[in-house]
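Written out below as structure tokens is the structure these notes cover.
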Amino acid sequence: MQKNLETNRLQLRPLGNEHLSYFIELNSHAEVLRFIEGRALNEQEAIEDHGERLAAGTLVPGLGVWSGFSADNGEFVGWWSLSPVMDDSGTPHPGVADLGYRLLPKFWRQGLAKEGAREVLRHGFEDLGLQRVRADTMAVNEPSRATMASCGLKYWRTFFVEFEDPLPGTELGEVE
């Protein structure tokens with residue numbers, strides 16, 4: 001079971017069915033998904049994304065997705081996650097998680113991605129005893145790379161993934 005997390009400016013609540021409308025809104029912004037899908041998701045795709053993230057939150061106690069809300073006014077900001085890292089057999093690697101985050105554009109460049117990420121990282125290491133947290137993004141996604149670095153994550157490698165319909169910048173690889 002995930003617990004509620006808080007920072008000075010954010011209330012992070014474990015993802016639930018009550019957050020579906022926020023996921024639909026967030027995924028309707030093409031600029032939010034520019035380096036992930038290259039386009040906005042339609043409502044059905046956003047519903048599926050929400051369901052997959054809910055399911056992933058049941059695999060390892062304490063890991064999952066948190067919906068983030070402004071501590072000042074309760075407005076939805078985005079989500080942060082610590083997801084299990086799976087091995088080739090589909091079993092979660094013990095002590096390892098994958099960091100993720102996605103914010104509405106009006107909350108970009110305010111330090112909120114970093115603030116929420118630092119809190120879920122604190123939770124992962126201090127509360128859950130994780131040994132390692134990783135994250136990856138497209139090499140050209142400078143804002144996400146800056147957030148990762150500001151949270152203390154270190155560049156490890158550049159790797160290349162083949163996609164059926166690659167996004168611009170794919171040729172420069174993914175960074176972890």
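On a predicted model such as this, the values are computed, not experimentally measured, just so you know.
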Considering residues, nucleotides and ligands other than Asp88, do more than 12 of their heavy atoms fall under 6.0 Å from its CG? no
Counting heavy atoms not belonging to Glu142, are there more than 12 under 6.0 Å from its CD? yes
Determine, for Glu45 against Arg39, whether the closest basic-nitrogen to carboxylate-oxygen distance falls under 4.0 angstrom. yes
If the threshold is 4.0 Å, N to carboxylate O, is there a salt bridge linking Arg157 and Glu174? no
Under 3.5 Å, side chain of [X] to main-chain N/O of [Y], donor-acceptor pair present?
X      : Y      : result
Arg118 : Ser150 : yes
Glu52  : His50  : no
Thr58  : Leu54  : no
Glu115 : Arg9   : yes

If you draw the axis of the six-membered ring of Trp156, does the NZ or CZ of Arg132 fall within 45° of it and under 6.0 Å from the ring centre? yes
Within the structure provided, determine whether [X] and [Y] are in side-chain contact (heavy-atom separation under 4.5 Å).
X      : Y     : value
Leu130 : Leu63 : yes
Gln131 : His93 : no
Leu12  : Glu6  : no
Phe23  : Val65 : yes
Met86  : Leu59 : yes
Ile47  : Leu20 : yes
Gln11  : Asn4  : no

To the nearest 0.5 Å, tell me how far [X] [atom1] sits from [Y] [atom2].
X      : Y     : atom1 : atom2 : value
Asp165 : Glu37 : CG    : CD    : 10.5 Å
Lys106 : His29 : NZ    : NE2   : 8.5 Å
Arg102 : Ile36 : CZ    : CD1   : 4.0 Å

Could you report the tightest heavy-atom contact between [X] and [Y], atom names first, then the distance?
X      : Y      : value
Ala117 : Cys151 : CB-SG, 3.5 Å
Ser28  : Ala40  : O-CB, 3.3 Å
Leu112 : Trp80  : O-CZ2, 3.3 Å
Thr137 : Arg145 : CG2-CG, 3.5 Å
Ser67  : Leu15  : OG-CD1, 3.6 Å
Val85  : Asp98  : CG2-N, 3.7 Å

Under 4.5 Å between side-chain heavy atoms, counting indirect links through other Ile/Leu/Val/Met/Phe/Trp/Tyr residues: same cluster for [X] and [Y] or not?
X      : Y      : value
Leu103 : Met138 : no
Tyr101 : Leu104 : yes
Phe35  : Leu26  : no
Val60  : Leu128 : yes
Leu153 : Leu82  : yes

Phe69 and ring pair (Phe, Tyr, Trp, His ring centres under 6.0 Å): which partner among Phe107, Phe76, Trp79? Phe76
Quiz question: by atom type and distance under 3.5 Å, do the side chains of Glu119 and Thr7 form a donor-acceptor pair? no
Ring centers of Trp66, His123 separated by less than 6.0 Å: yes
Any chance you could lay out the side chain to side chain contact (heavy atoms under 4.5 Å, CB included) test for Thr170 and Phe160, step after step, and finish with the verdict? CA-CA 8 Å; Thr170 299; Phe160 297 87; over 6 Å; no
